[in-house]
Trainee: 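One structure follows; several queries about it will come next.
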Amino acid sequence: MGYHRASFAVDGCDIAARPRYPFAYHRGDALTYLAHLITSGDIERYTLVHASPPCQAGCALTVGTNASRGWGGSHIDMVAATRNLLDASGLPYVLEQPNGRAQIRKDLSLCGEMFGLGVLRHRNFELGRWATPRPAHPRHRGYVRGHRHGVHRTGPYVAAYGNGGGKATVPEMQTAMGITWTDTREELTEAIPPAYTQWIGTAFLTARQEVFA
């Protein structure tokens, strides 16, 4: 949605059915689909590729609390395979991951406080074949609401992940992130606030205009 608001025509791909996805959509393995676009030459129809490979292998929650308590299972790190295809595409790209151990360059780090949102949701972005200045990270206004390590806190942000422990309700997540087109909890907990990708899309178009000016 953020790229759409930045004036891009958006095509999406995911392995799961996403009937609420508001743009052109291909259901299937994203790496297989990207490889097909490259080998067929259809990749030339595109201007920019954004990839958000599964983050569970390296995100802070998985390698921290979940690992210490034996929660969850094993996860495959798909960052390197994704980057290889992004490089092969020949296009500028954006590779996104949350805080944690994911092996990406942190060319950009965005936070909900930068956009006045009700979530913090820190996300890091590696930029391929283009660059833009990093925005300043403002001081947080307080805590994320809910229970953590046996302590309950109140604050201006909601926890848009998981269930219980004071985590956000579906309507709270929708409001906090600015997402109205889905009310599916799993989709909301995995989502990037569209303010992030609108900022990135606008920055990319600005950078491209400067190159050709």
Side-chain angles (χ1 to χ4, degrees), residues 1-6 8-31 33-34 48-62 66 72 75 78-79 82 93-100 102 104 106 108-127 135 137 140 144-146 155-204:
M1 182 60 71
Y3 287 116
H4 166 74
R5 291 172 180 168
F8 287 82
V10 178
D11 286 355
C13 179
D14 191 16
I15 202 165
R18 302 295 182 195
R20 296 169 180 81
Y21 189 75
F23 306 109
Y25 182 74
H26 174 86
R27 182 179 179 183
D29 179 86
L31 297 187
Y33 185 53
L34 181 54
L48 177 70
V49 184
H50 177 114
S52 293
C55 65
Q56 288 84 356
C59 76
L61 181 62
T62 300
N66 286 7
H75 302 281
M78 301 178 69
V79 170
T82 302
Y93 67 79
V94 179
L95 178 59
E96 176 269 335
Q97 289 285 278
N99 284 341
I104 68 167
K106 297 178 181 179
L108 283 178
S109 294
L110 300 182
C111 164
E113 183 59 26
M114 296 175 177
F115 307 97
L117 300 180
V119 291
L120 291 179
R121 187 138 290 199
H122 296 98
R123 289 297 183 268
N124 302 307
F125 302 88
E126 178 178 317
L127 308 181
H137 189 164
H140 298 165
V144 176
R145 187 200 74 197
Y157 314 106
V158 298
Y161 56 87
N163 280 296
K167 304 296 192 302
T169 64
V170 165
E172 285 175 332
M173 285 191 282
Q174 291 175 307
T175 299
M177 291 193 288
I179 294 176
T180 59
W181 56 92
T182 181
D183 58 2
T184 301
R185 174 175 283 274
E186 180 258 345
E187 293 178 353
L188 289 165
T189 59
E190 296 287 337
I192 302 170
Y196 292 16
T197 45
Q198 182 175 359
W199 190 95
I200 292 171
T202 301
F204 171 77

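For this chain, numbers begin at 1 and follow the sequence in order. Please read all numbers here as calculations on a predicted model, not as lab measurements.
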Trainee: Holding to side chain to side chain donor-acceptor pair (under 3.5 Å), I want the full list of residues that pass it with Gln198, two or more places apart in sequence or in another chain.
Mentor: none
Trainee: By the salt bridge (charged side-chain N to carboxylate O under 4.0 Å, His left out) test, which pairs, at least two apart or in different chains, include something from residues 173-184?
Mentor: Arg20-Asp183
Trainee: Determine whether Ile200 and Leu110 make a side-chain contact, defined as any pair of heavy atoms from C-beta on separated by less than 4.5 Å.
Mentor: yes
Trainee: Any idea which heavy atoms bring Ile15 and Asp29 closest together, and the distance?
Mentor: CG1-N, 4.2 Å
Trainee: By salt bridge (Lys or Arg N to Asp or Glu O under 4.0 Å), which residues pair with Arg27, not counting sequence neighbours?
Mentor: none
Trainee: What are the two closest heavy atoms between Pro194 and Gly178, and how far apart are they?
Mentor: CG-O, 3.5 Å
Trainee: Could you please spell out the steps behind the side chain to side chain contact (heavy atoms under 4.5 Å, CB included) verdict for Leu127 and Val94?
Mentor: CA-CA 5 Å; Leu127 308 181; Val94 179; 4.1 Å; yes
Trainee: Which heavy atom of Ala176 sits nearest to which heavy atom of Leu117, and what is that distance?
Mentor: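 Closest approach of Ala176 to Leu117, heavy atoms only: O-CB, 3.4 Å.
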Trainee: Tell me, please, which residues at least two apart from Ala30 pass side-chain contact (heavy atoms from CB on, under 4.5 Å).
Mentor: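 Only Cys13 meet the side-chain contact (heavy atoms from CB on, under 4.5 Å) criterion with Ala30.
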Trainee: Where is the tightest heavy-atom contact between Glu187 and Ala17, given as atom of each residue plus distance?
Mentor: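 Smallest interatomic distance, heavy atoms only, reads OE2-O, 4.5 Å.
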Trainee: If you compare all heavy atoms of Ala24 against all heavy atoms of Asp11, which two are closest, and at what distance to 0.1 Å?
Mentor: CB-OD1, 3.2 Å
Trainee: Could you measure the distance from the CG atom of Leu188 to the CD atom of Glu190? Nearest 0.5 Å is fine.
Mentor: 10.5 Å
Trainee: With sequence neighbours excluded, what pairs up with Phe23 under the ring pair (Phe, Tyr, Trp, His ring centres under 6.0 Å) test?
Mentor: His4, Tyr21
Trainee: Can you sort out the partners of Tyr3 under ring pair (Phe, Tyr, Trp, His ring centres under 6.0 Å), two or more places apart, ordered by chain and number?
Mentor: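 Residues passing ring pair (Phe, Tyr, Trp, His ring centres under 6.0 Å) with Tyr3: Phe8, His50.
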Trainee: Distance check, rounded to the nearest 0.5 Å: His122 atom NE2 versus His140 atom NE2?
Mentor: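 His122 atom NE2 to His140 atom NE2 measures 3.0 Å (nearest 0.5 Å).
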Trainee: With rounding to the nearest 0.5 Å, note down the distance linking CG in Leu34 to OG1 in Thr82.
Mentor: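 OG1 of Thr82 is found 8.5 Å from CG of Leu34.
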Trainee: What distance do Gln97 atom CD and Phe125 atom CZ have between them, rounded to the nearest 0.5 Å?
Mentor: 10.0 Å
Trainee: So, Arg145 side chain and Gly166 main chain: donor-acceptor pair closer than 3.5 Å or not?
Mentor: yes
Trainee: With sequence neighbours excluded, what pairs up with Glu96 under the side chain to side chain donor-acceptor pair (under 3.5 Å) test?
Mentor: Ser52, Arg123
Trainee: Supply the atom-to-atom distance Arg18 CZ to Thr182 OG1, rounded to the nearest 0.5 angstrom.
Mentor: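 Interatomic distance, Arg18 CZ to Thr182 OG1, rounded to 0.5 Å: 8.0 Å.
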Trainee: Once ring pair (Phe, Tyr, Trp, His ring centres under 6.0 Å) is applied, do any residues pair with His26, and if so which ones, sequence neighbours excluded?
Mentor: Tyr33
Trainee: Got a second to check how far Leu108's CG is from Leu95's CG, nearest 0.5 Å?
Mentor: 12.0 Å
Trainee: For Tyr157, which residues count as a side chain to side chain donor-acceptor pair (under 3.5 Å) partner, sequence neighbours excluded?
Mentor: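 Per chain and number, Tyr157 pairs via side chain to side chain donor-acceptor pair (under 3.5 Å) with Glu113.
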Trainee: Identify, with sequence neighbours excluded, every residue that meets side-chain contact (heavy atoms from CB on, under 4.5 Å) alongside Arg185.
Mentor: Asn163, Val170, Met173, Thr189
Trainee: With Asn124, which residues qualify under side chain to side chain donor-acceptor pair (under 3.5 Å), at least two apart?
Mentor: Asn99, Ser109
Trainee: If a pair satisfies ring pair (Phe, Tyr, Trp, His ring centres under 6.0 Å) and one of its residues is in residues 178-198, list it, with sequence neighbours excluded.
Mentor: Phe115-Tyr196
